[in-house]
Visitor: 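Okay, here's the structure, questions in a sec.
Lettering follows sequence order; numbering is per chain, from 1. Values in this document were obtained by computation on a predicted structure and should not be read as measured data.
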2 protein chains.
Amino acid sequence: MNVDERLPSEAELADQFQVSRSTVREALKRLAAQNLIRTQRGATGGAFVRRLSYDEAYAQHITTSTLLLSMNAVDFQTACEARFALERACAPLSSARRTPDHLATMRAEIHRQAQPGLSDERFCDSDVAFHRALVDGAGNPVLSYQLAGAVEAMQPLMNMITFTQRNRDVIIGLHTRIADALEMQNGADADAALAELTTYTLTLGEEAMEARARR
Amino acid sequence: MNVDERLPSEAELADQFQVSRSTVREALKRLAAQNLIRTQRGATGGAFVRRLSYDEAYAQHITTSTLLLSMNAVDFQTACEARFALERACAPLSSARRTPDHLATMRAEIHRQAQPGLSDERFCDSDVAFHRALVDGAGNPVLSYQLAGAVEAMQPLMNMITFTQRNRDVIIGLHTRIADALEMQNGADADAALAELTTYTLTLGEEAMEARARR
DNA sequence: GCGCGTTTAATTGTCTGACATTTTAGACAG
DNA sequence: CTGTCTAAAATGTCAGACAATTAAACGCGC
């Protein structure tokens, strides 16, 4: 079945498979839920094979990853390690290919992170946006897609951390160093800064876990 | 809603939302298709919130990634670059943590790849199995999950390549070098070998594309 | 009281037929 | 040729019925 090809009508399918139209409809709803078909009403309507769009797959991947992490109690350390390992894979590509647009986004998010009175949640939002710009800088949509799951799904875990001003200063410093390195096209330093950010984030995570355990 | 919590019965939902039971059922089928609920028949039956299992999410991620690559005509170079960049992110972790089991799997697949008369398709299967062992060696399920999409979804693209004996010898040599490096816990050399494998695979891909264009 | 069939009730699964809604294609008048 | 109306085709929704399945309640002998 090729993209945009039309499936037989519900009545025809019901007849063909010797089931009722209700049953056919439930099956079609299943396919629709998986974004495999779209339905259209009217005379020339019906169910059509759908092209899986990048944006939909991206959103779905994030949802699934987030659910997977939260429902299976993946620990902070494992998720964090995976996230930064993958991001570091992007660093050399991103330092070679990042556009002024990516750099501008990163600078803007750093500026936002430094604003006083920013809630922890907003700080995390901005953090995700910063790292997404870093990943997108590699200019490889497949990479961006695969990493979306790791970066965005970490956000609920990151939200458990309380970011003190001191914490934020350290993170902002490393973010600045990463942005600088990418601007200078210095992949090695970007990688080094990401490595530091990894260990620092792991430390923060451990502290948050301990604080949570004491409560 | 927590895991294993029960939703109201179809009749209750229909009553609550003032729609017919058919409509409720179609909606429930949608949720079931997304693996969000499971239904159970009988007296104490109903729809229950489902824990998203790692294996299901893994399988779904591969399916979606494969569809995304094939339906959106992602070029070989982009997919290949993403795949190897991500794999290289695993190399240091895998060289530190790989178990004898992972090494044995890699050796076995290398042996299989050297067998004469192996079809191109089987060679690709084995290649994927080898790289999966490499990734799993990092001992991070989140990493394995995220990489599954990149590694497995590449397979259809890899299957377009015709592997001559000479090609295979080069790849097997690099695979052996990777396995040796992991065994010696030499992350740097594993990374270097993966880098070589990246450029070599890209070359093969380009040749295959040219051959296909000439036809 | 305890074990063991039997019944009963609740729930999902399926079928049937009907009607509403939407959309296109074609007939028809101007 | 153009605009309008109508018919047909398709999905969307509804109501009601029955089948299938499962667990709990019941009754009964012991």
Side-chain angles (χ1 to χ4, degrees), chain A residues 1-64 66-68 70-72, chain B residues 1-64 66-68 70-72:
Chain A
M1 295 289 281
N2 287 320
V3 167
D4 286 337
E5 197 170 331
R6 184 177 172 280
L7 271 64
S9 74
E10 296 178 354
E12 282 170 323
L13 286 172
D15 197 49
Q16 186 177 333
F17 294 108
Q18 286 290 300
V19 292
S20 72
R21 211 186 123 210
S22 330
T23 308
V24 170
R25 280 185 62 75
E26 287 179 9
L28 290 177
K29 284 284 171 194
R30 257 185 97 111
L31 297 178
Q34 295 173 291
N35 285 323
L36 295 177
I37 58 169
R38 69 190 152 82
T39 56
Q40 197 178 324
R41 292 172 73 164
T44 58
F48 297 85
V49 176
R50 187 170 182 181
R51 150 169 275 126
L52 183 62
S53 85
Y54 180 81
D55 289 341
E56 276 166 1
Y58 191 93
Q60 191 191 322
H61 183 38
I62 290 172
T63 307
T64 307
T66 307
L67 271 178
L68 191 61
S70 66
M71 290 179 118
N72 290 277
Chain B
M1 297 287 279
N2 287 320
V3 167
D4 287 337
E5 196 170 334
R6 184 178 173 281
L7 272 64
S9 74
E10 295 176 355
E12 282 170 323
L13 286 172
D15 198 49
Q16 187 178 333
F17 295 108
Q18 286 290 298
V19 293
S20 71
R21 212 187 123 209
S22 327
T23 309
V24 170
R25 280 185 62 74
E26 287 178 10
L28 290 177
K29 284 284 170 194
R30 260 183 95 110
L31 297 177
Q34 293 173 287
N35 285 323
L36 295 176
I37 59 169
R38 69 192 152 80
T39 56
Q40 196 176 326
R41 292 171 73 166
T44 59
F48 298 85
V49 177
R50 187 169 186 183
R51 152 168 272 126
L52 183 61
S53 86
Y54 180 82
D55 288 342
E56 275 168 0
Y58 191 94
Q60 191 191 322
H61 182 39
I62 291 172
T63 307
T64 307
T66 308
L67 269 178
L68 191 62
S70 66
M71 289 178 115
N72 290 276

Visitor: What is the distance from atom OG1 of A:Thr63 to atom CG of A:Leu68, rounded to the nearest 0.5 Å?
Guide: 12.0 Å
Visitor: How long is the straight-line distance from CG of A:Asn2 back to CG of A:Asp4, given to the nearest 0.5 Å?
Guide: 9.5 Å
Visitor: Nearest-Å distance, CD (A:Gln18) to P (C:dG13)?
Guide: 21 Å
Visitor: Ion pair present between B:Asp15 and B:Arg21, side-chain N to carboxylate O less than 4.0 angstrom?
Guide: no
Visitor: Identify the heavy atoms of A:Lys29 and B:Arg30 that sit nearest to each other, and give their distance.
Guide: O-CG, 3.9 Å
Visitor: Without placing hydrogens or testing angles, list every side-chain donor-acceptor pair under 3.5 Å for residues 44-54 of chain B, not counting sequence neighbours.
Guide:
residue : atom : partner  : partner atom : Å
B:Arg50 : NH2  : B:Glu56  : OE2          : 2.5
B:Arg51 : NE   : A:Met71  : O            : 2.9
B:Arg51 : NH2  : A:Met71  : O            : 2.6
B:Ser53 : OG   : B:Glu56  : N            : 3.1
B:Tyr54 : OH   : B:Pro141 : O            : 2.9

Visitor: Under 3.5 Å between N/O atoms: give me all the protein pairs with nucleotides 10-12 of chain C, atom names plus distance.
Guide:
residue : atom : partner : partner atom : Å
C:dT11  : O4'  : B:Gly42 : O            : 3.3
C:dT12  : OP2  : B:Glu10 : N            : 3.1

Visitor: For the CG atom of A:Leu13 and the CG atom of A:Leu7, what is their distance to the nearest 0.5 Å?
Guide: 6.0 Å
Visitor: Starting at CG of A:Asn35, measure out to OG1 of B:Thr64 and round the result to the nearest 0.5 Å.
Guide: 9.0 Å
Visitor: Is there a side-chain contact between A:Gln60 and B:Gln60 (heavy atoms, below 4.5 Å)?
Guide: yes
Visitor: First and last nucleotide of DNA chain D in contact with chain B, 5' to 3', at under 4.0 Å to a heavy atom: what are they?
Guide: D:dT13 to D:dA23
